[in-house]
Structure formats: C-alpha cells, structure tokens
Amino acid sequence: MSTGADSTAVRTALWRALHTIVDDEPLILDDPLGLQIAGVGDDWRSRPDMDPDRTMPNRASIVTRSRAVEDELARSGLRQYVLLGAGLDTFAQRHSGTVRVFEIDQPATQAWKRERQETLDLPLPALVPVDFEAGDSWRDRVVAAGLDLGAPAFVSMLGVAMYLSPDALHDTLSQAASLASGSVMAFTTSRPIETAPPAIRPILAEASAGAAASGHPWLSLLGPDDAAALARGAGFSSVQVLTSQDLHDRYFADRRDGLSPVGGEDLVIATV
Ligand SMILES: C[S@@+](CC[C@H](N)C(=O)[O-])C[C@H]1O[C@@H](n2cnc3c(N)ncnc32)[C@H](O)[C@@H]1O
C-alpha cells in the first residue's frame, strides 16, 4: 500500500469520527466511516490532537463545515458535486441520492485513499488527481473525468485554502468561477490567528505549529472581508460569508454541551 495519506486529511477524518463517539446527540454530522478509511491503530484516541476537551473547538469546526456544505448542496438541488482537496471525505459513500461526485486531491493522497476504499470494498466516486500548486487545471481534468460543463455544479473546498499559496488559491477559485451559470462554490477560510477570539488563539497557534512541523504550513489566512473580496476577484457574481458565529447560531444554538465552532473556519458561499 502507498503511504501518501495527507496527515491533515487523516486528522480531520478522525475528528469527525471522534464527534460520533464523545459528543452529545444530536450529532452535527454522523460520519464514522472516515475512521475506517484512515486505518489507524486502536490507540488513535490517545493522540494529543484527539484530546476530546482541548481540541473540542477544532472538532466542532470540522464537523460543522461538512454539515453546512452538505446542507447547501441539498438546498441547491445541483446534481454534480466536485470536492477540491477531498481528503477522507465520505459524502460519496453516505449519500444515497443521484448526485454525481468528483473528488480531487493531491495524487499521493488520492492513490492512498483509493487503495483503502478498494480494500474496504467501498463504492468509489470519480477520482481526479491534481496538485493545485503545480499549474494544472483541475477544471480541465474534472471535465475529462465526466463533469458536464453545460450544467451547473456544486464545488466545495473545505479546510484547504489555508494550505495554498495566494496564487494557487486565486487560480483554483477562478476555475470554479468559470463553470456554468448557477454553479456554487463553498470554501472555508481560517482567520489570522491574532484576530481569533483570545480563548481560541492558543489552539490555533498549536495547530499552526503542528501543521508547519508536518510539512503543511498555513500560507493563506483570511478574515471574512478578505475572503469575500478574494471570491469576487476570482469572478463570482454573488458572495456570502457565513462566519463561525453564524454557523454556531445555525447549528449549535440549542446545545448545552459547550460544543461550538466559534473562532474556527468561516464559510464562503459564492455563486457563478
Ligand atoms: C485539512 S485536509 C481537508 C480534507 C477534507 N476537505 C476535509 O474536510 O476533511 C486538506 C486537504 O487538502 C489537500 N491539499 C492540500 N494541498 C493541496 C494541493 N496543492 N493540491 C491538491 N490538494 C491539496 C490535502 O491533500 C488534503 O486532502
């Protein structure tokens, strides 16, 4: 088996699984499958980044972004779904409808995930290997894989923007903005650490240092206004930002267990 799993993708899959184990009902997202795909040892819960209390805000943000985007996709009624930087996302397996799914990720991570899914005998979406930093057009590659350019598509990019250089990020968004009219792109952004709520800053600083140490430095941190401007500059006609507070109000207002995504990623919804 190849060993190309992106460590950030594995970590977010484990946080989604941890949510199903340690958090109260109702779950924000019910996704234990990523844990199986990750194929980690039984001691995964003793990893420092899986401490259920200390990393609660990270876990909340990660499950919320997937839930919010899957809700937006359902609301849009669009039937083509492209996940940029899909990681160990399992929408393709959890979804029982007729949405056609295309997953794009770095070649090594995607090859590793393909092997894992084949080993587990899971149904595969269309898998399209692309490195956004290498100057390849993900749009051309996904069209070659079967995306219908004559129909609008829903595109997500969750937890990826921060790892991209500004040029690659702009280019990646611009390609989505050139899809059919009515297409929607949803992507998350992380704010500069010094602008996060004070209580969250140490967690973000630790996450940033860990990311850099594992070879995935944060290259693009954006506040909501800059994120919206980036989307408009990439060519989208209508742009809305759901801040982490908006996401809290939408999904967490009635919870009493302290779980909240506030201070985590904001979600940009941009329409072609
Ligand atoms: C934090 S993970 C998020 C994965 C998934 N979207 C989720 O929500 O769990 C970041 C993902 O972006 C991908 N990624 C990072 N840089 C990339 C690049 N230059 N080209 C393509 N994918 C990239 C990684 O391989 C990884 O799967």
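Counting starts at 1 for both ligands and their atoms, following the listed order.
Under a hydrophobic clustering in which Ile, Leu, Val, Met, Phe, Trp and Tyr are joined whenever their side-chain heavy atoms come within less than 4.5 Å, directly or via other members, Trp15 and Leu35 fall into the same cluster.
Salt-bridge check for Asp266 with Arg191: passed, with a basic side-chain N closer than 4.0 Å to an acidic carboxylate O. A salt bridge does not link Arg100 to Asp148: none of the charged side-chain nitrogens sits closer than 4.0 Å to a carboxylate oxygen. Ionic pairing of Arg75 and Glu72 is present here: one or more N-O contacts between side-chain nitrogen and carboxylate oxygen are shorter than 4.0 angstrom. Looking at Arg94 and Asp31, a side-chain N of the basic residue comes within less than 4.0 Å of a carboxylate O on the acidic one, giving a salt bridge. A salt bridge is defined here as a Lys NZ or Arg NE, NH1 or NH2 lying under 4.0 Å from an Asp or Glu carboxylate O, and Arg250 with Asp246 fails to meet this definition.
From the protein, the heavy atom lying nearest to atom 23 (C) of ligand 1 is Gln106 CG, 3.3 Å. Summary of contacts: the protein heavy atom closest to atom 4 (C) of ligand 1 is Gly85 O, 3.4 Å. The closest protein non-hydrogen atom to atom 20 (N) of ligand 1 is Phe132 N, 2.9 Å. Protein heavy atom at the shortest distance from atom 25 (O) of ligand 1 is Asp105 OD1, 2.6 Å.
Counted by atom type alone, Asp6 and Thr8 present one or more donor-acceptor pairs between their side chains at under 3.5 Å. Under the 3.5 Å distance criterion, with hydrogens and angles disregarded, no donor-acceptor pair is assigned to the side chains of Ser244 and Glu265.
Residue contacts with ligand 1 for Val130 involve N, CA, C or O but no side-chain atom from C-beta outward (heavy atoms, distance under 4.0 Å). Counting heavy atoms under 4.0 Å from ligand 1, residue Ala13 does not touch it at all. Contacts of Thr8 with ligand 1, taken as heavy-atom pairs under 4.0 Å, involve both backbone and side chain. Both the backbone and the side chain of Leu158 come within contact range of ligand 1, each with a heavy atom under 4.0 Å. The residue His216 has no part lying near ligand 1, judged by heavy-atom distances below 4.0 Å.
The heavy atom nearest to atom 10 (C) of ligand 1, considering only Gly159, Pro107, Ala161, Gly87, is found in Gly159.
When side chains are defined from C-beta on, Val99 does not count as touching Leu78, because their heavy atoms never get closer than 4.5 Å. For the pair Gln93/Pro125, a side-chain contact is recorded, criterion being any heavy-atom separation below 4.5 Å from C-beta on.
Residue Ala9 approaches ligand 1 through these ligand atoms, each under 4.0 Å from one of its heavy atoms: 2 (S), 26 (C), 27 (O). With ligand atoms numbered from 1 in the order given, ligand 1 contributes 19 (N) to contacts under 4.0 Å with heavy atoms of Glu133. For ligand 1, the atoms lying closer than 4.0 Å to a non-hydrogen atom of Thr12 are 7 (C), 9 (O).
Here's the thing with Val160: none of its N/O atoms is less than 3.5 angstrom from an N/O atom of ligand 1. Checking only distances, Ser66 never comes within under 3.5 Å of ligand 1, N or O to N or O.
Using a 4.0 Å heavy-atom cutoff, Leu164 is listed among the residues neighbouring ligand 1. At least one heavy atom of Asp131 sits closer than 4.0 Å to an atom of ligand 1. Heavy atoms of Arg65 come nearer than 4.0 angstrom to ligand 1 in at least one pair. Note on ligand 1: Met157 sits outside its first shell, no heavy atom being nearer than 4.0 Å.
Grouped by direct or indirect side-chain proximity (heavy atoms under 4.5 Å, Ile/Leu/Val/Met/Phe/Trp/Tyr only), Leu124 sits with Leu127.
Ring centroid separation for the pair Phe91 and Tyr81 comes in under the 6.0 Å cut-off.
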